[in-house]
Protein chains: 2
Amino acid sequence: MGRVTIQDVAREVGVSAMTVSRVLNGQPGVSERRRSQVRAAIDELGYRRNGLARSLKASRSHTLGLVVPDITNPYFPEIVRGAEDVALEAGYGVFLSNAVEDQQREATSLRLMEERRVDGVIVVSPRLPERQLHALLRGHRAAVVVNRSAPPEVAGAVRLDHVSGVMQAIDHLVALGRRRFGLLAGPDSSFAARERLEGIRAGLAARGMPLAPDRLVKTAPYIDDGADAAARLFEMAGRLDALLCYNDLVAAGALQACASAGLRVPQDVAVVGFDDIAFARMFTPPLTTLHVPKYDLGVNAMRILLDRIAGRNVHAEVVLRPTLVVRGSTVAAAAPVTIRTAS
Amino acid sequence: MGRVTIQDVAREVGVSAMTVSRVLNGQPGVSERRRSQVRAAIDELGYRRNGLARSLKASRSHTLGLVVPDITNPYFPEIVRGAEDVALEAGYGVFLSNAVEDQQREATSLRLMEERRVDGVIVVSPRLPERQLHALLRGHRAAVVVNRSAPPEVAGAVRLDHVSGVMQAIDHLVALGRRRFGLLAGPDSSFAARERLEGIRAGLAARGMPLAPDRLVKTAPYIDDGADAAARLFEMAGRLDALLCYNDLVAAGALQACASAGLRVPQDVAVVGFDDIAFARMFTPPLTTLHVPKYDLGVNAMRILLDRIAGRNVHAEVVLRPTLVVRGSTVAAAAPVTIRTAS
DNA sequence: CTGTTAGCGCATTCAA
DNA sequence: TTGAATGCGCTAACAG
């Protein structure tokens, strides 16, 4: 439309478009006098370069895609922030897309980003089945998945050691004398949910307390669903003295359900979450949970992505460790303490 | 690069690029036989159209920009979601950018988006000074600001009636017999913070209790800063029986500070927040706060933006009303109640 | 029904 | 030190 182009600037100064282009890109081969003339014209006309044209020409958009399942889940914004900080520093813009826990929308986002010719994508906690996800990722110049693993030729991966995480939780609860475990597991579409579930199953079995089927309820990763699920679990399982929750949102719901059921936390039942979202310490009681280095997850993912874009396919996979943070939902009146395990 | 182009598809089928283009865009003038041949070739070659080229040609990118000050502040993701839902439905992609409460980064985002040739931008709670913001917005084909007003020729606006909001809070507290008000105000860079501060000043004065300077502390909009600010306020102001907080994060900090100072909430001091983030009801005690229709803010902003892009510059400005939600931080042991004011 | 021409705005290549 | 030609991939506008 009426937008100022490089041509307009060139005409204004009385040079060719090439000269303007060279000035814009700080290339040599232009006299200082011309350079400042051109700069003046650029300011005066309010010229702003057309990224579409540049990208088309260069087949590089300097734009990255970032897909998260739910931006209103406080777990994800911190990951986004880590990734963005690295990207911006490297001169990339980030296209964030919110899949709203919907596989369709996740797929659409990935396709749209391919059409927009992003230079690479990061998919956080993908909900799509493996086959479909990989097909979509193959369309991209470079890709990284967070909270899932992937074949190195398809995507880099940044994951959590869920098994180590849940074992910390289990051992903490066992040390407190808890024996009757209940589990609020996440949705099957979540890789993390499946890993945590299996980790807990294995961990409890290893401690001689295999998980009975009536001690397990699956739930969507939201507060209210967590509350409903907890209520159902109490009904099914009878008296429990420890509750492992898929994530902190579910744990928040569980705390509400405990209050409604007249159960004291932690005296009657100890509750453990996963993620350590910023608000976990504001819960009543403050939530014992597995701290996940969310920002680092994002930072690592973006570093790997940039490496892959640059053709350096090192770091096929990075695994980060969650760390148990003990608060009032497992230990009454405890001053907050962080238990560090040797890494 | 090795990417499949429309030409490749055309060659494969043995037709011209135009025919492929017509099929891609569902245009008439292609026989059914050709159409299916082309479709087959598209699938087979894994062709994906190049949005950069399309946008360049059309000078329309079908991409929108959305700038928020801090994606980790739970106030914003819901706005984003409202805006995204509307945009996606209209076939637009959204470029989300996180300014991290930094004016520089806000400006950079806006400039970057202009270079990427988004069709329009929404800036939520802009931190930039008016003059600079407007200059940046003028570069865009269409713009909408949320939580600030703007001249209609520069941008549409979706705002909150902060004055009505704070008056509801003040009257609620006065009705409870509170008289010694303290105020944790937000940063001056925030338009909302300034409006809320002025509204509270005026409202308290109107109730015969003008705000003394030692009853006011300004703070950054984070939990920890809120806690520090509250501690400082208690020191400065001595005994208070009501605390008005810039937003729910600050209120969360204030609740912590009250606990540390041995003040009972609400018996000793009543605390009111602003925003009604999802976690406000999980605080201890649950937070009385002004509910802001965040999702609607986003929906309205995006609708207006799409209107403006389409050249329909109706709705210069939409003003939404916050609604007081009374919880345990002002009324002990109250069942949650929503007070609706006539709209 | 199908194809050719041309140009969106920019930058690489080559020439002057 | 500067400029002209050319094409990135796509699609209006116009032939045929």
Side-chain angles (χ1 to χ4, degrees), chain A residues 1-39 41-42 45-63 112-119 139 141, chain B residues 1-39 41-42 45-63 112-119 139 141:
Chain A
M1 313 297 306
R3 273 208 156 283
V4 182
T5 77
I6 216 174
Q7 301 287 352
D8 299 324
V9 178
R11 202 172 309 123
E12 175 82 7
V13 184
V15 295
S16 79
M18 252 332 284
T19 301
V20 179
S21 172
R22 281 196 258 260
V23 173
L24 281 168
N25 296 299
Q27 287 176 9
V30 182
S31 69
E32 257 324 309
R33 226 173 61 81
R34 280 251 176 285
R35 228 174 256 282
S36 42
Q37 286 177 312
V38 169
R39 287 221 187 78
I42 285 172
L45 298 178
Y47 169 79
R48 188 118 329 146
R49 56 188 174 181
N50 187 327
L52 297 174
R54 300 187 75 207
S55 301
L56 179 61
K57 182 81 177 96
S59 30
R60 256 2 207 58
S61 63
H62 276 272
T63 300
L112 260 175
M113 285 175 172
E114 193 183 336
E115 293 194 355
R116 300 263 197 295
R117 291 299 189 267
V118 296
D119 293 338
R141 188 198 247 76
Chain B
M1 313 293 307
R3 270 210 160 283
V4 183
T5 77
I6 215 173
Q7 301 286 352
D8 299 324
V9 178
R11 201 172 310 123
E12 175 81 7
V13 185
V15 295
S16 79
M18 245 341 271
T19 300
V20 179
S21 172
R22 281 195 259 260
V23 172
L24 281 168
N25 296 299
Q27 289 176 8
V30 182
S31 70
E32 259 322 311
R33 228 174 62 80
R34 281 248 175 286
R35 228 174 256 282
S36 42
Q37 287 179 313
V38 169
R39 288 221 185 81
I42 286 173
L45 298 178
Y47 169 78
R48 188 119 328 147
R49 56 189 174 183
N50 186 327
L52 298 174
R54 300 188 76 208
S55 301
L56 179 60
K57 183 81 175 86
S59 36
R60 250 16 199 53
S61 63
H62 276 271
T63 300
L112 260 176
M113 286 176 173
E114 193 183 337
E115 295 193 355
R116 300 262 197 294
R117 292 297 188 268
V118 296
D119 293 338
R141 187 197 247 77

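In what follows, chains carry the letters A, B, and so on, assigned in the order in which the sequence lines appear, proteins first and then strands, with residues in each chain numbered from 1. Just so you know, these numbers use all the heavy atoms, side chains as well, and skip hydrogens, waters and symmetry mates.
Mapping B/R117 and B/K57 onto DNA chain C by nearest heavy atom places B/K57 closer to the 5' end of the strand.
Computed from coordinates, the A/Q7 CD to C/dA11 C1' distance equals 12 Å when rounded to whole Å. With rounding to whole Å, B/N50 atom CG is found 14 Å from C/dC10 atom C1'. Regarding A/I6, its CD1 atom lies at a distance of 12 Å from the P atom of D/dG3, rounded to whole Å. The separation between A/L56 atom CG and D/dG7 atom P is 14 Å, rounded to whole Å. One interatomic measurement links the two molecules: CZ of B/R48 to C1' of D/dC10, which rounds to 17 Å at whole-angstrom precision. Here the P atom of nucleotide C/dG3 and the CZ atom of B/R11 are 14 Å apart, to the nearest Å. As a whole-Å value, the separation of A/R60 CZ from C/dA11 C1' is 15 Å. Separating the CE atom of B/M18 from the C1' atom of C/dT4 is a distance of 10 Å, rounded to the nearest angstrom.
Side chain of B/S16, nearest nucleotide from C/dG9, D/dG3, C/dT4: C/dT4.
Look at A/R49 and you won't find any side-chain N or O under 4.0 angstrom from OP1 or OP2 of C/dG9. Contact between the side-chain N/O atoms of A/R54 and the OP1/OP2 oxygens of C/dA11 is found at a separation under 4.0 Å. Remark: A/T19 is in phosphate contact with D/dG3, judged by side-chain N or O atoms under 4.0 Å from OP1 or OP2. Put simply, A/R34 has a side-chain N or O that comes within less than 4.0 Å of OP1 or OP2 on D/dT2.
Taken to the nearest 0.5 Å, the OG atom of A/S55 stands 9.5 Å off from the CG atom of B/N50.
Contact between B/V9 and B/A41 at its shortest, heavy atoms only, is CG1-CB, 4.0 Å.
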Assess whether side chain to side chain contact (heavy atoms under 4.5 Å, CB included) is satisfied between A/E114 and B/R3, documenting all intermediate values.
CA-CA 11 Å; A/E114 193 183 336; B/R3 270 210 160 283; 3.0 Å; yes

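The backbone N or O of A/L56 sits nowhere less than 3.5 Å from a side-chain atom of A/S59 that would complete a donor-acceptor pair. In this structure, B/S21 contributes its side chain and B/A17 its backbone to no donor-acceptor pair below 3.5 Å.
Side-chain atoms of A/Y47 and A/L24, non-hydrogen and from C-beta on, do get closer than 4.5 Å to each other. With contacts defined as side-chain heavy-atom distances shorter than 4.5 Å, the pair A/D8/A/R11 qualifies.
Within a heavy-atom distance below 4.0 Å of DNA chain C, the residues of residues 21-33 of chain A found are A/S21, A/N25, A/Q27.
If you check the side chains of B/T63 and A/R116, you find a donor sitting under 3.5 Å from an acceptor.
A salt bridge is defined here as a Lys NZ or Arg NE, NH1 or NH2 lying under 4.0 Å from an Asp or Glu carboxylate O, and A/E115 with B/R49 meets this definition.
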Could you provide the dot-bracket string of DNA chain D, using ( ) for intrastrand pairs, [ ] for crossing pairs and | for bases paired to another strand, with Watson-Crick or G-U pairs below 3.5 Å?
||||||||||||||||

